[in-house]
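For reference, the structure is listed below as structure tokens.
Lettering of chains follows the sequences in order, A, B, ..., and the numbering in each one begins at 1.
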Amino acid sequence: MQKPSIPKGTRDFTPGEMANRNYIFSTIKDVFRLYGFQQIETPAMENLSTLMGKYGEEGDKLLFKILNSGDFIGGVTEIELSERNSVKLTSKISEKGLRYDLTVPFARFVVQNRDKISFPFKRYQIQPVWRADRPQKGRYREFYQCDVDVVGSDSLLNEVELIQIVDEVYRRLNIRVVLKLNNRKILSGIAEIIGEAEKITDITVAIDKLDKIGLEKVNEEIASKGITEEAIARLQPILKLSGSNSDKLEQLKEVLKDSKTGMKGIEEMETILGLCDAMQVATPVELDLTLARGLNYYTGAIFEVKALDVQIGSITGGGRYDNLTGVFGLEGVSGVGISFGADRIYDVLNQLQLYPETSLEQTRILFVTFGWNELKYSLNWAAHLRTEGFNVEVYPEPAKMKKQMSYADGKQIPYVAIVGENEMNENKVMLKDMKSGEQRLVTLEELTKAIS
RNA sequence: GUGGUUAUAGCUCAGUUGGUUAGAGCGUCGGAUUGUGGUUCCGAAGGUCGCGGGUUCGAGCCCCGUUUUCCACCCCA
């Protein structure tokens with residue numbers, strides 16, 4: 001007999017775990033709806049041509065590819081096989097892949113369904129994504145993203161609205177967070193000012209590690225990318241920025257005054273921060289230049305949310321992308337969006353034990369019986385109670401009392417209706433409150449009242 | 001993809017320098033208790049020690065390979 005197992009980086013969820021996960025999903029969904037976002041779904045698999053090249057070279061490697069059906073090796077020549085070039089061979093034997101995120105499929109969706117949607121289009125999407133990553137803490141190969149995006153509107157109000165959503169979701173979930181904010185235009189301005197505009201990616205990736213590896217190592221890494229000493233020297237004041245958001249912006253204005261792009265970024269940042277103040281966003285919003293991660297397509301604001309009380313990667317992230325649909329042939333549509341990492345939020349909630357107590361209770365009352373006649377009798381009562389909106393179960397066989405009662409206990413069902421001959425004759429049931437242990441003989445009407 | 005780490009009952013874990021028939025707690029099932037769960041007592045089922053190979057008279061323990069777990073790097077939710 002074989003021992004069953006599941007692929008690495010994937011997980012099963014028990015009913016208890018699902019109750020907790022659904023609490024997260026419904027909280028997030030409720031807030032999304034509060035701002036008028038509408039739900040869409042896209043297929044788990046996309047054509048590889050849609051996915052490839054959208055996440056950089058690293059991303060392509062992390063895509064799960066689906067083997068073509070049937071004789072997938074048939075069209076491959078001996079020469080191609082003997083070359084042993086996996087990348088080349090992949091395109092011959094696989095044309096579909098599992099989605100890597102929700103943003104690219106969404107871009108595809110917008111382009112393909114442009115006749116059915118009007119801008120600004122506000123959608124949310126809660127679905128699993130897959131990455132062929134090596135699993136570790138807070139990192140899975142299958143995990144859920146909860147995306148909200150607005151496309152077809154340049155207004156910075158959209159950024160602010162997303163921040164309000166973050167604020168509200170984490171307020172409802174009772175998680176203390178900080179929202180880090182950066183702007184790609186400011187980063188571009190920095191690269192421009194130090195005279196290394198083409199090296200912006202190398203520079204930002206290195207800056208991103210400032211917290212982790214320290215100033216010296218960052219400088220080493222930048223130098224190793226072939227950036228001149230002079231440029232590195234000019235970068236130093238930026239790396240050492242400190243003080244409040246407005247302090248930092250003042251210092252940046254001085255440094256970036258000759259960069260049109262950089263100044264535009266600062267202006268955007270000031271607008272967003274100003275509006276957050278005006279909207280009384282409770283979550284601390286922090287200008288953080290080291291927040292440089294991000295997919296290649298961010299062009300304006302970049303967001304990241306970190307939990308304050310649990311050490312885990314970011315639990316929400318996103319940003320503005322000016323031309324995401326461009327690769328699919330629809331130019332000039334700007335979008336901004338964020339993604340809540342449901343599985344990391346789940347880990348945070350587990351660690352902090354922040355679930356509401358009621359989230360386990362599903363069934364309100366269980367009917368426990370002594371014989372098949374009593375069972376039949378109970379089915380009628382149950383049917384009636386269900387029309388009243390109660391979640392009701394009838395134990396499917398007249399098993400031993402202990403067995404039936406243990407079942408109620410295990411599922412934490414708060415009420416049990418015990419039905420024997422005496423109860424049937426009186427047209428009543430014995431209602432037991434499982435918490436207090438008290439029980440009394442009641443009519444259907446009294447029962448309805450007692451368990452509401 | 002790189003480096004380290006882990007794997008023993010459904011779960012959490014013991015298991016001595018390599019030595020007979022691999023243990024515990026929890027859970028499950030049965031009984032004490034034929035109209036009463038959560039407490040208690042008794043009992044039972046359940047393991048090719050991740051898998052494959054090697055060393056040895058003898059391997060859960062040592063060696064090699066492989067898969068898996070967790071951690072760090074790369075990257076990311």
Side-chain angles (χ1 to χ4, degrees), chain A residues 1-12 14 24 28 55-63 86 100-103 126-147 201 204-206 208-209 212-213 217 221 291-296 303-307 311-319 337-348 366-371 374 395 398-424 429-439 441:
Chain A
M1 197 177 61
Q2 69 162 22
K3 261 194 181 170
S5 65
I6 53 176
K8 81 165 133 176
T10 66
R11 295 156 299 162
D12 285 329
T14 62
I24 297 171
I28 290 173
Y55 310 103
E57 214 176 300
E58 282 294 317
D60 284 356
K61 279 194 234 162
L62 297 180
L63 284 171
S86 336
Y100 177 92
D101 71 358
L102 299 179
T103 309
I126 299 176
Q127 289 189 275
V129 303
W130 295 269
R131 295 184 187 177
D133 223 350
R134 189 169 288 203
Q136 55 180 279
K137 193 186 185 76
R139 177 176 294 190
Y140 307 98
R141 288 182 136 181
E142 176 183 62
F143 61 96
Y144 273 77
Q145 290 193 327
C146 312
D147 272 34
T201 310
T204 52
V205 165
D208 188 28
K209 294 177 192 160
K212 229 177 199 170
I213 63 177
K217 297 252 173 167
E221 182 163 333
L291 165 55
R293 65 185 50 220
L295 308 164
N296 305 326
F303 313 101
E304 177 172 292
V305 177
K306 299 205 86 171
Q311 215 189 339
I312 194 165
S314 72
I315 53 179
T316 294
I338 51 171
S339 177
F340 289 80
D343 295 82
R344 285 188 176 172
I345 295 172
Y346 175 69
D347 288 346
V348 169
L366 172 77
F367 282 81
V368 161
T369 60
F370 287 101
E374 288 91 334
Y395 199 88
K400 282 188 180 146
M401 206 46 6
K402 181 186 170 86
K403 175 82 179 152
Q404 300 189 60
M405 295 299 286
S406 303
Y407 178 81
D409 196 48
K411 280 185 88 169
Q412 298 181 31
I413 299 171
Y415 295 101
V416 165
I418 300 164
V419 187
E421 228 172 300
N422 301 339
E423 284 81 1
M424 269 201 305
V429 297
M430 185 64 79
L431 173 66
K432 174 160 182 159
D433 179 327
M434 292 297 277
K435 212 162 203 174
S436 65
E438 287 165 17
Q439 57 185 55
L441 216 50

Winner on side-chain proximity to A/M401, out of B/rG38, B/rU36, B/rC71, is B/rU36

Does a distance-only test, which skips hydrogens and angles, find a donor-acceptor pair under 3.5 Å between the side chain of A/K432 and the base of B/rG37? yes

Kindly state whether the pair A/F340 / B/rA77 counts as stacked, where counting means centroids closer than 5.5 Å and planes tilted less than 30° apart. no

Looking at A/F143, I'd like to know if the NZ or CZ of A/R344 sits under 6.0 Å from its six-membered ring centre while staying within 45 degrees of the ring's axis. no

Ranking B/rA77, B/rU69, B/rG37 by distance to the side chain of A/K8, first place goes to B/rU69

Does A/Y407 have its ring centroid less than 6.0 Å away from the ring centroid of A/Y395? yes

Taking C-beta and beyond as the side chain, do A/I126 and A/Q145 meet within less than 4.5 Å on heavy atoms? no

Taking atom CD of A/E421 as the centre, does the number of heavy atoms from other residues, nucleotides or ligands within less than 6.0 Å exceed 12? no

Can you tell me if the side-chain N/O atoms of A/Q404 get under 4.0 Å from OP1 or OP2 in B/rG37? no

At 4.0 Å (heavy atoms only), tell me whether A/G371 reaches a base, stays on the sugar-phosphate, or touches nothing. nothing

Options B/rG37, B/rG35, B/rC75, nucleotide nearest the side-chain atoms of A/M434: B/rG37

Selected nucleotide, minimal atom distance to A/Q439 side chain, candidates B/rG37, B/rU36, B/rC71: B/rU36

Looking at A/D409 and B/rG38, is any side-chain donor or acceptor paired with a base atom of the opposite kind under 3.5 Å? no

Counting side-chain heavy atoms from CB outward, which of B/rA72, B/rG37, B/rG35 is closest to A/K137? B/rA72

From the options B/rG37, B/rC75, B/rG35, select the nucleotide whose nearest atom is closest to the side chain of A/M405. B/rG37

Mind calculating the distance between CD (A/E374) and P (B/rU34) to the nearest angstrom? 18 Å

Between A/K137 and A/I312, is there a side-chain heavy-atom distance shorter than 4.5 Å? no

Who are the side chain to side chain contact (heavy atoms under 4.5 Å, CB included) partners of A/E142, not counting sequence neighbours? A/T10, A/P128, A/W130

Can you say whether the rings of A/Y55 and A/Y100 are parallel (under 30°), tilted (30 to 60°) or perpendicular (over 60°)? tilted

Pairwise P distance for B/rU12 and B/rG3, with rounding to whole Å: 29 Å

For B/rU36, does OP1 or OP2 lie under 4.0 Å from any side-chain N or O of A/K403? no

B/rG52 to B/rU67 separation - P atoms, rounded to the nearest Å: 15 Å

Counting side-chain heavy atoms from CB outward, which of B/rU69, B/rA77, B/rC71 is closest to A/R134? B/rC71

A/Q136 side-chain proximity, nearest of B/rU36, B/rC73, B/rG38: B/rC73

What stems involve RNA chain B, if each pair must be Watson-Crick or G-U and both of its distances must be under 3.5 Å, with 3 or more such pairs in a row? B:1-4 with B:70-73, B:10-13 with B:23-26, B:28-32 with B:40-44, B:50-54 with B:62-66

On a whole-Å scale, what distance lies between the C1' atoms belonging to B/rC74 and B/rA7? 27 Å

Result of checking A/R134, A/K8, A/R11 against A/R141 for side-chain contact (heavy atoms from CB on, under 4.5 Å): A/K8

Both A/S339 and A/N422 contact RNA chain B. Taking the nearest nucleotide for each, which residue is further toward the 5' end? A/N422

Provide the distance between the two P atoms, one in B/rC13 and one in B/rU17, to the nearest whole Å. 22 Å

Testing B/rA77, B/rG35, B/rA32 for proximity to the side chain of A/M430, the answer is B/rG35

